[in-house]
Amino acid sequence: EGLFDVVLLDLFLEDASGLEVLSGVRGAAPGVPVVIVTGLNDEAQALEALKGGAQDYLIKGTVDCTNLFRAIRYAIERKQAEETQRSLEQRMLEMQKLEAIGTLAGGVAHNFNNTMTVILGHSNLMLERLGSNDINRSSTEAIKKAAHRAVSLTRQLLAFSHKQTAHPALTDLSKVVTGMEMLLESLLGETIKLHLRLAPEAGLVKADPAQIEQIIVNLALNAREAMKEGGLLTIATSRSDTAGIQRPGTPSSPQVLLTITDTGCG
């Protein structure tokens, strides 16, 4: 139940087998390194202990301050290296999963976009044929609006999969974030609350909306990983009339600030 830096374990105990105790320690505290102490003629069991998860072993009768200290330090350093390696491997697996999901999302988005193009085209044709007072006009306009929302979602999926060509344009960051609300809520899950604090008159920036969406999705995913037990993700836009970071040779101008904050660790 406590926190320990290392366990020094004799393989021969009066009331239990050292290997059984080692198994119990590994199950209860897998992150704690273990150094085995064994007799001169029992190195075979010591090797079994190493296979069972111990980091090092010492032979009775040869232990002094120097090699005891060295064994304990080595066990702690080796365990830390193992944990680091395991963490890197886990992150690599997560990256591979995300890459696979992105590829799938990109393929689905392209096919979906083709379908939406057909629906939008026919909706426009129908609206041209229908009079302003036609009973079917409102339904057709509703179909067209829904198709436009679907196209927007497709663009976000393409941004997520890194398959969207850059098209810089005058962009309202607040509207970009508003259009992503449903996607972000699905990415964050039920335990993380999304809060938007958007300035309606923040101003326009020249940027590719899809790339802005990609940045926001990446930061939202990072925030989700930092809030395993749940939390709050806040996205805000604001206008600043003080000069910010300028490109060389460009005049000073007002800035539009996009701020993303989470309540997670790190």
Side-chain angles (χ1 to χ4, degrees), residues 1-104 160 162 187-194 215 217-234 260-266:
E1 295 177 356
L3 298 177
F4 299 91
D5 296 306
V6 67
V7 171
L8 190 64
L9 174 63
D10 195 330
L11 277 184
F12 291 93
L13 306 171
E14 292 185 2
D15 54 352
S17 161
L19 291 176
E20 292 177 357
V21 175
L22 172 63
S23 177
V25 169
R26 301 295 300 122
V32 178
V34 179
V35 177
I36 296 297
V37 180
T38 186
L40 182 61
N41 298 321
D42 298 306
E43 287 193 68
Q45 285 209 55
L47 294 174
E48 284 295 318
L50 293 181
K51 293 178 182 178
Q55 274 63 52
D56 203 355
Y57 72 93
L58 295 166
I59 298 175
K60 295 176 184 177
T62 66
V63 180
D64 57 26
C65 291
T66 301
N67 59 22
L68 176 61
F69 174 76
R70 183 168 56 241
I72 290 175
R73 184 180 64 181
Y74 168 77
I76 293 173
E77 291 175 350
R78 182 176 178 183
K79 190 63 181 179
Q80 289 173 343
E82 290 174 356
E83 293 297 323
T84 300
Q85 180 68 22
R86 189 175 295 108
S87 176
L88 289 173
E89 290 174 353
Q90 185 63 34
R91 291 188 64 183
M92 182 64 70
L93 286 173
E94 291 297 326
M95 290 175 63
Q96 290 173 348
K97 289 179 183 177
L98 281 176
E99 184 178 355
I101 292 171
T103 301
L104 176 63
F160 177 74
H162 299 278
L187 285 175
L188 293 172
E190 297 180 355
T191 61
I192 299 175
K193 183 180 179 182
L194 176 65
I215 291 169
V217 165
N218 288 344
L219 291 173
L221 290 173
N222 287 344
R224 184 187 68 183
E225 292 303 309
M227 296 187 286
K228 298 289 189 182
E229 304 301 322
L232 175 66
L233 177 69
T234 302
I260 301 179
T261 311
D262 67 72
T263 57
C265 60

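Just so you know, these numbers use all the heavy atoms, side chains as well, and skip hydrogens, waters and symmetry mates. Positions are given from 1, in the same order as the sequence printed here.
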Quick one: are [X] and [Y] in side-chain contact, heavy atoms under 4.5 Å?
{"X": "Q96", "Y": "L93", "result": "yes"}
{"X": "T66", "Y": "R70", "result": "yes"}
{"X": "I260", "Y": "T234", "result": "no"}

(message) Quick check on side chain to side chain contact (heavy atoms under 4.5 Å, CB included): which of V35, V32, L22 does V7 satisfy it with?
(response)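 Of the listed residues V35, V32, L22, the side chain to side chain contact (heavy atoms under 4.5 Å, CB included) partner of V7 is V32.
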(request) Going by the side chain to side chain contact (heavy atoms under 4.5 Å, CB included) test, name the single residue among L233, D262, I192, L219 that passes it with R224. (result) I192
(message) Could you work out, with side-chain contact (heavy atoms from CB on, under 4.5 Å) as the rule, every residue matching V37, not counting sequence neighbours?
(response)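 Testing V37 for side-chain contact (heavy atoms from CB on, under 4.5 Å), a comparison that skips the adjacent residues, returns L8, K60.
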(request) Show your reasoning for whether side-chain contact (heavy atoms from CB on, under 4.5 Å) applies to K51 and E48. (result) CA-CA 5 Å; K51 293 178 182 178; E48 284 295 318; 3.9 Å; yes
How long is the span from the [atom1] atom in [X] to the [atom2] atom in [Y], to the nearest 0.5 Å?
{"X": "I72", "Y": "D56", "atom1": "CD1", "atom2": "CG", "result": "10.0 Å"}
{"X": "C265", "Y": "E229", "atom1": "SG", "atom2": "CD", "result": "10.5 Å"}
{"X": "I36", "Y": "L58", "atom1": "CD1", "atom2": "CG", "result": "9.5 Å"}
{"X": "L232", "Y": "T261", "atom1": "CG", "atom2": "OG1", "result": "9.0 Å"}

If I compare all heavy atoms of [X] with all of [Y], which pair ends up nearest, and what's the gap?
{"X": "G231", "Y": "T263", "result": "CA-OG1, 3.4 Å"}
{"X": "Q55", "Y": "R78", "result": "O-NH1, 3.1 Å"}
{"X": "V34", "Y": "R26", "result": "CG2-CD, 4.5 Å"}
{"X": "P33", "Y": "A75", "result": "CB-O, 3.5 Å"}

For [X] and [Y], indicate whether the former's side chain and the latter's backbone hold a donor-acceptor pair under 3.5 Å.
{"X": "K79", "Y": "P30", "answer": "yes"}
{"X": "T84", "Y": "Q80", "answer": "yes"}
{"X": "D64", "Y": "N67", "answer": "yes"}

(request) Step through the shown structure and confirm whether more than 12 heavy atoms of other residues, nucleotides or ligands are within 6.0 Å of CG on D5. (result)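 Open.
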(request) Give the C-alpha distance, both sets of side-chain angles, the deciding distance and a yes or no for side-chain contact (heavy atoms from CB on, under 4.5 Å) between Y57 and I59. (result) CA-CA 7 Å; Y57 72 93; I59 298 175; 4.0 Å; yes
(message) Under a 4.0 Å threshold between the charged nitrogen and the carboxylate oxygen, would E89 count as salt-bridged to R86?
(response) no
